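What follows is a single structure, written as structure tokens, with notes after it.
These figures come from a predicted structure and were not determined experimentally. Along the sequence shown, residues are numbered consecutively beginning with 1.
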Amino acid sequence: MHRKMLICPALFLLLASASAQTEIWKIDPAHSAAQFSVKHLAISTVRGQFQKVSGTVGYDPGDVSKTSIDVSIDAASVDTRVDMRDRDLRSPNFLDVQKFPAITFKSTRVEAAASGKLKVTGNLTIHGVTKEVVLDVDGPSAPITAMGGLRMGASATTKINRKDFGVNGAPSMVGDDISLTLDVEVMKPAAGH
């Protein structure tokens with residue numbers, strides 16, 4: 001019984017120190033962007049972005065498999081630089097932002113892919129439909145001290161078929177395959193702030 005009493009606190013301390021390695025970083029919306037590109041009439045590429053991105057990243061530099069990513073994108077913040085097209089993208093023809101205000105990504109697995117690269121698997125939800133996708137990530141960069149805290153950056157890319165998510169508008173004009181890029185800067189206060 002005495003041995004059990006010693007093992008339990010030791011196990012607790014081990015678990016506490018292991019979990020202390022994963023640090024929570026907040027996405028800096030002012031220095032992050034979610035961008036997309038899609039073919040128009042199969043002849044040109046239209047590019048756009050979502051202006052509002054937020055979320056958190058749990059990161060352990062000693063064990064990237066403990067990394068967790070939780071991103072939320074305001075669907076109504078879509079911007080292709082053409083007001084009429086943006087209104088259509090917000091409508092029930094495409095994103096239906098009144099009904100589905102957020103596009104989200106939540107990681108389920110993170111693996112090292114190569115030096116300075118990660119492979120992140122997770123659940124992407126668009127238009128109320130959730131599908132598993134894999135993000136190819138460059139980064140994260142080494143942390144630097146700037147603007148009152150620590151900062152890191154990363155860029156993630158993937159391709160999806162919009163019809164898999166029930167986004168079916170203008171099938172003869174808009175391509176089905178969409179390239180997505182998420183450029184994020186994450187931050188956390190420096191010690192003592």
Side-chain angles (χ1 to χ4, degrees), residues 23-40 45-59 64 67-110 117-141 147 149 151-170 174-188:
E23 300 173 334
I24 301 300
W25 297 71
K26 185 177 175 184
I27 291 176
D28 180 357
H31 298 101
S32 300
Q35 301 142 29
F36 62 90
S37 62
V38 64
K39 285 289 188 188
H40 178 251
T45 300
V46 172
R47 299 180 191 281
Q49 71 174 2
F50 293 91
Q51 302 285 348
K52 297 179 181 176
V53 179
S54 61
T56 58
V57 175
Y59 181 65
V64 295
T67 299
S68 63
I69 301 165
D70 188 348
V71 178
S72 182
I73 299 167
D74 181 347
S77 72
V78 66
D79 180 9
T80 64
R81 300 167 312 284
V82 177
D83 287 339
M84 186 173 77
R85 180 169 55 211
D86 294 345
R87 282 193 300 273
D88 196 26
L89 289 173
R90 291 181 192 109
S91 79
N93 294 332
F94 289 94
L95 295 173
D96 198 358
V97 301
Q98 292 296 319
K99 214 174 189 180
F100 308 107
I103 296 168
T104 62
F105 177 81
K106 293 182 189 306
S107 65
T108 56
R109 185 172 65 251
V110 178
K117 297 185 182 296
L118 300 174
K119 179 178 162 185
V120 178
T121 304
N123 293 319
L124 177 64
T125 302
I126 301 173
H127 198 251
V129 177
T130 302
K131 298 281 182 186
E132 184 176 83
V133 300
V134 177
L135 303 179
D136 295 314
V137 178
D138 285 328
S141 64
M147 302 167 62
R151 292 177 175 265
M152 292 189 304
S155 180
T157 59
T158 194
K159 289 189 178 182
I160 63 167
N161 184 311
R162 68 188 179 103
K163 289 186 176 176
D164 290 345
F165 294 88
V167 180
N168 300 318
V174 178
D176 294 339
D177 295 325
I178 299 178
S179 295
L180 302 173
T181 301
L182 183 62
D183 292 308
V184 297
E185 186 172 307
V186 294
M187 59 185 177
K188 68 177 187 136

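- Using a 4.5 Å heavy-atom threshold, the side chains of Ile27 and Ser54 count as separate.
- Side-chain contact between Arg151 and His31 is present, with at least one heavy-atom pair separated by less than 4.5 Å.
- Side-chain contact between Glu185 and Asp28: present, with at least one pair of heavy atoms (C-beta onward) separated by less than 4.5 Å.
- The distance from the CG atom of Leu89 to the CG atom of Asp96 is 12.0 Å, given to the nearest 0.5 Å.
- Between the CG atom of Asp70 and the CZ atom of Phe105 there is a distance of 9.5 Å, given to the nearest 0.5 Å.
- At a threshold of 4.5 Å between non-hydrogen side-chain atoms, the residues Val134 and Lys119 count as touching.
- Scanning for salt bridge (charged side-chain N to carboxylate O under 4.0 Å, His left out) contacts around Asp136 gives an empty result, with sequence neighbours left out.
- The side-chain heavy atoms of Val129 and Asp164, taken from C-beta on, include no pair separated by under 4.5 Å.
- Using a distance-only test at 3.5 Å, with no hydrogens or angles considered, no donor-acceptor pair links the side chain of Asp183 to the main chain of Ser155.
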Query - Candidate pair Phe50 and Asp74, rule side chain to side chain contact (heavy atoms under 4.5 Å, CB included), full reasoning - result: CA-CA 7 Å; Phe50 293 91; Asp74 181 347; over 6 Å; no

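- The nearest pair of heavy atoms linking Leu95 to Ala75 is CD1-O, 4.1 Å.
- A side-chain hydrogen bond (donor to acceptor under 3.5 Å, both in side chains) with Asp79 is found for exactly one of Arg85, Lys52, Gln35, Gln51, namely Gln51.
- Distance check: Ile178 CD1 to Asn161 CG gives 8.0 Å after rounding to the nearest 0.5 Å.
- For the pair Asp176 and Lys163, the salt-bridge criterion is met [side-chain N within less than 4.0 Å of a carboxylate O].
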Report task. Decide side chain to side chain contact (heavy atoms under 4.5 Å, CB included) for Trp25 and Lys188; before the verdict, give the C-alpha distance in whole Å, the side-chain angles of both, and the deciding distance to 0.1 Å. Result -> CA-CA 5 Å; Trp25 297 71; Lys188 68 177 187 136; 3.6 Å; yes

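- Note that the OG atom of Ser32 and the CD atom of Gln49 stand 11.0 Å from one another [nearest 0.5 Å].
- Proximity of a side-chain donor or acceptor of Ser37 to a complementary backbone N or O of Arg47 within less than 3.5 Å is not detected.
- In terms of heavy atoms, Ser107 sits closest to Ser68 at OG-CA, 3.4 Å.
- Considering NZ of Lys106 and OG1 of Thr130, their distance stands at 9.5 Å, rounded to 0.5 Å.
- Closest heavy-atom contact between Ala34 and Ile73: CB-CD1, 3.6 Å.
- The two atoms that bring Pro140 and Met152 nearest to each other are CB-SD, 4.2 Å, heavy atoms only.
- When side chains are defined from C-beta on, Phe94 counts as touching Val174, because their heavy atoms get closer than 4.5 Å.
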Requested in this report: Apply side chain to side chain contact (heavy atoms under 4.5 Å, CB included) to Leu180 and Leu124, showing your working.
Outcome: CA-CA 11 Å; Leu180 302 173; Leu124 177 64; 4.1 Å; yes

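- Between the Arg162 side chain and the Gly175 main chain, a donor and an acceptor come within less than 3.5 Å of each other.
- Here the OG1-CG distance, from Thr157 to Asp138, works out to 7.0 Å after rounding to the nearest 0.5 Å.
- Among Ile69, Ile24, Val71, the single residue meeting the side-chain contact (heavy atoms from CB on, under 4.5 Å) criterion with Thr56 is Ile24.
- Counting all heavy atoms, side chain and backbone alike, Val78 lies closest to Arg90 at O-NH2, 2.9 Å.
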Report task. Might you work through the side chain to side chain contact (heavy atoms under 4.5 Å, CB included) test for Ile160 and Ile126, ending with a clear yes or no? Result -> CA-CA 11 Å; Ile160 63 167; Ile126 301 173; 3.7 Å; yes

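- Judged by distance alone, with hydrogens and angles left aside, the side-chain atoms of Thr125 form no donor-acceptor pair with the main-chain N or O of Thr104 at under 3.5 Å.
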